[in-house]
Colleague: 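Below you'll find the structure I mean.
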Amino acid sequence: MMAWIAMVIALKEIRRNKLRSFLTGLGIVIGVSAVIVMVHLGKGASRNVTEEIASLGKNLLILSPGTRRRGPGGTRSDARDFDDGDVSAVEREFEDVIMAPLVVRPVTAVYANANVSTTAIGTTSKYLDIRDWAVSRGRGFAAHEVAAGSRVCILGQTVVDELFQGEGLLDVSFRIDRLSCRVIGVLEAKGQSAMGSDQDDIILMPLRTMQRRLAGNTDVSQIMVSVSEERSLAAVSERLRALFRERRNIARGAADDFEVRDMKEIAAMVEKSTSTLTALLGAIAAVSMLVGGIGIMNIMLVAVTERTREIGIRLALGARGREVLLQFLIEAGVLSTLGGLVGVLLGVGGSLLLTMKMTLPFVFVPEIVAVSFLFSAVVGIVFGFLPARRASMLDPIEALRHE
Amino acid sequence: MKLIELLDVSKVYGRGGAETRALDGIDLAIDAGEFVAVMGTSGSGKSTCMNILGCLDKPTHGRYLFRGVDVSKLDRDERALLRRRHLGFIFQSFNLLARTSALENVELPLVYRGLRKAERRRLALAQLDAVGLSDRVHHTPAELSGGQQQRVAIARALVTSPSIIFADEPTGNLDSRNSQEILTLLSGLHRERGITIVMVTHEPELAALADRVVVFRDGRIVSESNEPEPSGGGGSSRSAGPSGESGQPGESGHSRLSGSWGPGSELRGGGAR
């Protein structure tokens with residue numbers, strides 16, 4: 001009954017003074033929407049990164065020579081490359097994996113007046129299977145082309161755009177460094193990688209073609225191994241390591257001079273770091289909610305002073321202290337809850353919009369919406385208590401005299 | 001029947017050397033249906049007395065009997081309930097809620113009574129009609145003249161059918177024409193509905209409208225006179241009639257209110273006594 005009376009009065013007062021009500025709730029609106037937007041952007045970014053790592057290929061192990069050291073000169077490797085013998089050894093050791101050897105080389109592609117620096121990869125047709133990458137126009141490598149080292153190549157979308165500028169290009173020949181090469185296909189666009197590099201800035205050719213005609217040796221710079229879902233990646237990784245320690249004559253106790261990278265592990269690591277970042281952003285935004293609460297307290301305190309006369313009238317007409325207290329508490333609670341509601345709408349809307357603009361996936365996180373909304377109501381009541389108490393303690397005679 | 005009785009009531013502010021005795025052993029009785037004018041210079045103790053009578057303050061010493069029940073020991077909330085159920089106030093500065101329609105202002109005490117909206121509206125409209133403002137119900141105080149504002153305040157005081165109305169210089173902020181209007185209204189209510197009124201005023205010609213004039217000086221009552229009304233002896237003799245019968249409207253109002261009376265239930269016994 002008492003709560004009902006206080007509720008009726010509180011709602012009347014909120015409607016009576018719309019500007020003050022708006023300002024009181026504004027802090028909470030901003031706080032709640034900031035928390036929601038931050039967390040959703042963080043989640044979206046995290047999902048984006050993991051999706052892109054997954055786009056490299058599922059259950060993928062990447063074998064590369066040397067332990068990579070990052071320094072002022074970029075990433076360097078000081079160990080010798082693999083060679084065809086290593087590739088055959090892996091093929092012999094594992095019959096049930098898909099593997100692709102890679103030779104990666106920076107090249108300049110020339111066609112007509114266009115001149116593009118890009119990366120050429122010599123590999124086999126398995127590479128596209130491992131990376132789950134489709135050819136959008138033309139075709140992939142035929143078995144005989146791979147075996148013979150034919151001068152054919154498949155272009156990434158970026159290279160197509162820069163070199164051919166929309167001209168018809170299938171079966172057209174162009175130059176890669178000294179080599180003349182015929183275009184047989186175009187890769188489907190993949191976009192940026194997790195590390196920010198353009199995955200479409202690439203030219204694929206058969207491994208032999210690369211080794212014989214461009215590199216002039218039989219080195220292999222990377223071996224990709226894709227393991228079927230049911231097999232343990234860790235076990236395969238361990239066997240590969242043992243195999244290569246033996247092949248490369250590494251003494252017991254000495255460090256590996258090659259690396260087996262597990263993409264799943266990397267994905268987990270990246271995800272962990274982005275979720276830490278999300279939590280951090282959310283925490284910063286939560287502070288703004290606290291500030292919103294203090295804003296409520298501020299305005300309510302001012303309102304109590306400004307409304308002293310009103311409180312005096314209410315007391316004289318027979319309002320009890322607790323009814324005045326409840327009225328002000330409900331005003332604060334309703335305003336912050338309304339603020340929370342608007343904040344949720346703005347936050348979710350803003351998250352949708354921003355993730356769209358930033359081409360991030362939108363991952364809805366209902367927990368954070370619920371928590372920030374509930375928190376907004378609590379904030380109003382907690383920070384509304386002091387002003388409400390002050391109002392309820394006023395002496396009616398003094399309050400009526402207040403100008 | 002005595003509605004209100006102050007027995008040897010004192011009010012002391014401050015302590016020790018700084019002690020100020022605002023009221024010094026007052027005895028005062030007001031009957032149901034009486035119209036009492038309270039006069040005195042500022043600092044005479046009349047405002048303190050009004051605050052105590054209106055249960056906005058409590059006496060330091062002495063007893064305050066309301067319908068025979070001692071209310072001088074009630075706490076803050078109990079006094080609030082007493083005001084809510086039995087008292088009406090009219091102030092010099094009107095004290096209406098700003099930016100609030102006349103209707104809602106009059107409804108306000110009914111909100112604290114817990115009445116439903118339709119019932120509130122009905123009673124408030126009836127009361128606004130009684131003070132002649134039925135065409136101004138949706139105006140806010142800023143859109144009303146001083147006299148109209150005070151009439152809204154009177155409607156607000158009357159809407160709960162209180163046992164007594166305290167009017168603190170109700171015409172103090174009004175020009176003579178509006179003052180006259182308000183006084184006519186108040187004395188009419190007193191005469192026709194037998195409402196008990198205690199009114200503070202500075203002007204002897206206003207006090208003359210009352211059945212009785214109580215004059216304060218230095219915290220004491222220096223004179224109580226039952227002057228005959230200058231408007232005619234008939235008025236005086238008639239006033240005895242309604243004040244005797246005024247137990248009727250007063251009583252009916254009271255019994256309705258006492259139904260919801262919580263903590264001070266002894267008051268109901270007092271009323272029945």
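Every chain is numbered from 1 and lettered A, B, ... according to where its sequence line falls, protein lines coming before strand lines. All values below were derived from every heavy atom in this structure, side-chain atoms included, with hydrogens, water molecules and symmetry-related copies excluded.
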Colleague: Can you say whether B:A157 sits under 4.5 Å from chain A via the side chain, the backbone, both, or neither, judging by heavy atoms?
Modeller: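 For B:A157, neither part sits under 4.5 Å from chain A.
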Colleague: State, with a plain yes or no, whether a side-chain heavy atom of A:I313 is found less than 4.5 Å away from one of B:R156.
Modeller: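 Counting from C-beta outward, A:I313 and B:R156 do come under 4.5 Å.
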Colleague: Should we count NZ of A:K43 as having more than 12 external heavy atoms under 6.0 Å?
Modeller: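 Counting neighbours around NZ of A:K43, 12 or fewer heavy atoms of other residues, nucleotides or ligands fall under 6.0 Å, so no.
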Colleague: Please find the pair of heavy atoms, one from B:A80 and one from A:A319, that lie closest to each other, and give the distance.
Modeller: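 In this case the closest contact between B:A80 and A:A319 is CB-O, 3.6 Å.
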Colleague: Would you say A:R320 and B:R84 make side-chain contact, with heavy atoms under 4.5 Å?
Modeller: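 Contact flag for A:R320/B:R84 side chains = yes.
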Colleague: Write down the atom of A:A316, the atom of B:F89, and the distance for their closest heavy-atom approach.
Modeller: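 Here A:A316 and B:F89 meet closest at O-CE1, 3.5 Å.
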Colleague: Under 3.5 Å, is there a donor-acceptor pair linking the side chains of B:Y112 and A:R314?
Modeller: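 Judged by distance alone, the side chains do pair up.
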Colleague: Nearest 0.5 Å please: distance from the CG atom of B:D57 over to the CD1 atom of A:I397.
Modeller: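 Reported value, rounded in 0.5 Å steps: 4.0 Å.
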Colleague: By number, which residues in residues 351-378 of chain A have some heavy atom less than 4.5 Å away from chain B?
Modeller: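 Near chain B, by residue number: none.
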Colleague: Please give me the minimum heavy-atom distance between A:L317 and B:P109, naming the atom from each residue.
Modeller: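 So the two residues come closest at CD1-CD, 4.0 Å.
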Colleague: Give, as side chain, backbone, both or neither, the part of A:Q327 having an atom under 4.5 angstrom from any heavy atom of chain B.
Modeller: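 Interface part for A:Q327: side chain.
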Colleague: Which atoms form the tightest heavy-atom contact between A:P396 and B:R76, and what is the distance?
Modeller: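 Here A:P396 and B:R76 meet closest at CD-NH1, 4.0 Å.
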Colleague: State whether the number of non-hydrogen atoms from other residues, nucleotides or ligands found under 6.0 Å of B:D218 atom CG is greater than 12.
Modeller: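 Result for CG/B:D218: open.
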Colleague: Is there a side-chain contact between A:R16 and B:T100 in this structure, where contact means two heavy atoms from C-beta onward sitting under 4.5 Å apart?
Modeller: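 The answer is yes; the side chains approach within 4.5 Å.
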Colleague: Does this structure show an ion pair linking A:E310 with B:R99, if we count only N-O contacts that are shorter than 4.0 Å?
Modeller: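 Answer for the salt bridge query: no.
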Colleague: Is B:L96 close to chain A through its backbone or its side chain, or both, or neither, when contacts mean heavy atoms under 4.5 Å?
Modeller: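 Contact with chain A: backbone only.
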Colleague: Rounded to the nearest 0.5 Å, what separates atom OG in B:S93 from atom CZ in A:R401?
Modeller: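 It comes to 11.0 Å.
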Colleague: Taking everything shown except A:R309 itself, do over 12 heavy atoms lie less than 6.0 Å from its CZ?
Modeller: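 More than 12 within 6.0 Å, yes.
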Colleague: Rounded to the nearest 0.5 Å, how far apart are CD1 of A:I9 and CG of B:L108?
Modeller: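 Taking CD1 in A:I9 and CG in B:L108, the distance rounds to 6.0 Å.
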